[in-house]
Novice: 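The structure that follows is given in the form of structure tokens.
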Amino acid sequence: MRRFTSFLSTVVLLVGICTVPAISAETDAVTPVEEFSRQIDQLKNTFTELGKKIEDSAKSIDGMTDVEKARQEIESLRGIVSELLGPVSDNGAVSQLGAKALKHVREKLRTLEQETRFTREEQQYVVNEWRKLVEETERATDDLAAARSEFVQLLRVLQTREDFIEELMQIRRAAEAAKVIRQLANDIRAASDALKSLIRAIKPPGV
């Protein structure tokens, strides 16, 4: 009986020793599978994001290479220039503003110089103040006229260079398209790296 008990104890010990590595091996086999599943999920997200980036890039390129859209931009600029030329041209609204303000202060000064409602000191004070305003308004009007004249000249130069400006705008759009393409190449390359990593992981655990 003692020999049987001893033998049984030995068998149990051996079974225990043999079972421990098996359990450990089974535990180790689960970790790579879980890691592989995690990589699959990440790759699906990467591919989804890449698909959206490709779609957005395609829309951007279509817009940047649309010749008709570029022409519409230059037409829009032409319309803005035309609208500005009206008010700032000779006898336009801007030139009339200065003349109107100057007329007002001059008439006011002339009226006050003949005013009898104030004391002599009061009249002298207000007349001096309005004379200062006349001088300030004259300088401001001259400054406005110079600024308006220069602006009109520049707008007319802009009108004569519309063809060149259109080419510059197309160059800018083409440069932006190149940036979009370069960024898309980087995005695809990043997705390729993620895919390579996943492919390397496709192997039995422990191999």
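Numbers here are sequence positions counted from 1. Both backbone and side-chain heavy atoms feed into the values below; hydrogens, waters and symmetry mates do not.
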Novice: In terms of side-chain geometry, is the basic nitrogen of Glu138 or Arg106 positioned less than 4.0 Å from the acidic oxygen of its partner?
Specialist: yes
Novice: Decide, yes or no, whether a salt bridge links Glu115 with Lys108 under the criterion of side-chain N to carboxylate O below 4.0 Å.
Specialist: no
Novice: Considering non-hydrogen atoms only, spot the tightest contact between Val134 and Val105 and give its length.
Specialist: CG2-O, 3.7 Å
Novice: Under the side chain to side chain contact (heavy atoms under 4.5 Å, CB included) test against Leu109, which residue among Val126, Leu133, Val127 passes?
Specialist: Val127
Novice: Under a 3.5 Å distance rule, please check whether Ser89 uses its side chain to pair with a backbone N or O of Gly92 as donor and acceptor.
Specialist: no
Novice: If we only count heavy atoms from C-beta on, is the Glu107 to Arg110 side-chain gap below 4.5 Å?
Specialist: yes
Novice: Would Ile74 and Leu77 satisfy side-chain contact (heavy atoms from CB on, under 4.5 Å), going step by step from the backbone distance to the final call?
Specialist: CA-CA 5 Å; Ile74 198 68; Leu77 176 62; 4.0 Å; yes
Novice: Should Val157 and Val152 be regarded as members of a common hydrophobic cluster, given that ILVMFWY residues are connected when their side-chain heavy atoms come within less than 4.5 Å of each other, either directly or indirectly?
Specialist: no
Novice: Over all heavy atoms of both residues, which pair between Leu84 and Val88 is shortest? Give the atoms and the distance, please.
Specialist: O-CG2, 3.0 Å
Novice: Does the pair Arg38/Asp41 count as a salt bridge with the N-to-O cut at 4.0 Å?
Specialist: no
Novice: What I want to find out is whether Arg78 reaches Glu75 closely enough, with some N-O distance under 4.0 Å, to be called a salt bridge.
Specialist: yes
Novice: Checking the side chain of Gln96 only, and the main-chain atoms of Asn91 only, is there a donor and an acceptor separated by less than 3.5 Å?
Specialist: yes
Novice: With a 4.0 Å cut-off on N to O distance, would you call Lys132 and Glu136 a salt bridge?
Specialist: no
Novice: When rounded to the nearest 0.5 angstrom, what is the spacing between CG in Leu155 and CG in Leu85?
Specialist: 5.0 Å
Novice: Please name the pair of heavy atoms, one in Ala191 and one in Leu50, separated by the smallest distance, quoted to 0.1 Å.
Specialist: CB-CD2, 3.7 Å
Novice: About how many Å separate NZ of Lys100 and OG of Ser95, when rounded to the nearest 0.5 Å?
Specialist: 10.5 Å
Novice: Determine, for Asp56 against Lys52, whether the closest basic-nitrogen to carboxylate-oxygen distance falls under 4.0 angstrom.
Specialist: yes
Novice: Going hydrophobic residue to hydrophobic residue with side-chain gaps under 4.5 angstrom, can you get from Trp130 over to Phe118?
Specialist: yes
Novice: Hey, is OH on Tyr125 packed in by over 12 heavy atoms from elsewhere, all under 6.0 Å?
Specialist: no
Novice: Tell me, yes or no, whether the heavy-atom count around Glu113 atom CD, taken from other residues, nucleotides or ligands under 6.0 Å, exceeds 12.
Specialist: yes
Novice: Between Glu122 and Arg117, does a salt bridge (Lys or Arg N to Asp or Glu O under 4.0 Å) hold up when you go through it step by step?
Specialist: CA-CA 9 Å; Glu122 290 173 341; Arg117 291 177 301 160; over 6 Å; no
Novice: Output yes when a side-chain donor or acceptor of Thr46 lies under 3.5 Å from a complementary backbone atom of Gln42, and no otherwise.
Specialist: yes
Novice: More than 12 foreign heavy atoms under 6.0 Å from CZ of Arg161: is that the case here?
Specialist: no
Novice: Going only through I, L, V, M, F, W and Y residues with side-chain contacts under 4.5 Å, is there a path from Ile80 to Phe151?
Specialist: yes
Novice: Assess the side chains of Asp187 and Gln183: does a donor N or O sit below 3.5 Å from an acceptor N or O?
Specialist: yes
Novice: Is any side-chain heavy atom of Arg156 closer than 4.5 Å to one of Val81?
Specialist: no
Novice: How long is the gap from CG on Leu43 to CD1 on Ile199, to the nearest 0.5 Å?
Specialist: 9.0 Å
Novice: Do the non-hydrogen side-chain atoms of Glu176 and Val180 ever get within less than 4.5 Å of each other?
Specialist: no
Novice: Is the shortest heavy-atom distance from the side chain of Glu166 to the side chain of Glu73 under 4.5 Å?
Specialist: no
Novice: Can a side-chain donor-acceptor contact be found between Gln124 and Arg120 if the only test is distance below 3.5 angstrom?
Specialist: no
Novice: Measure the spacing between OG1 of Thr137 and CG of Leu144 and express it to the nearest 0.5 Å.
Specialist: 11.5 Å
Novice: Under 4.0 Å between a Lys/Arg side-chain N and an Asp/Glu carboxylate O for Glu135 and Arg131?
Specialist: no
Novice: Is a side-chain donor or acceptor of Gln123 paired with a backbone partner of Thr116 at a separation under 3.5 angstrom?
Specialist: no
Novice: Taking atom CG of Leu102 and atom NE2 of His104, what is their separation to the nearest 0.5 Å?
Specialist: 11.0 Å
Novice: Kindly compute the distance separating CG (Leu158) from CZ (Phe164), expressed to the nearest 0.5 Å.
Specialist: 12.0 Å
Novice: If every non-hydrogen atom of Gly98 is compared with every non-hydrogen atom of Thr141, which pair is closest and at what distance?
Specialist: O-OG1, 3.5 Å
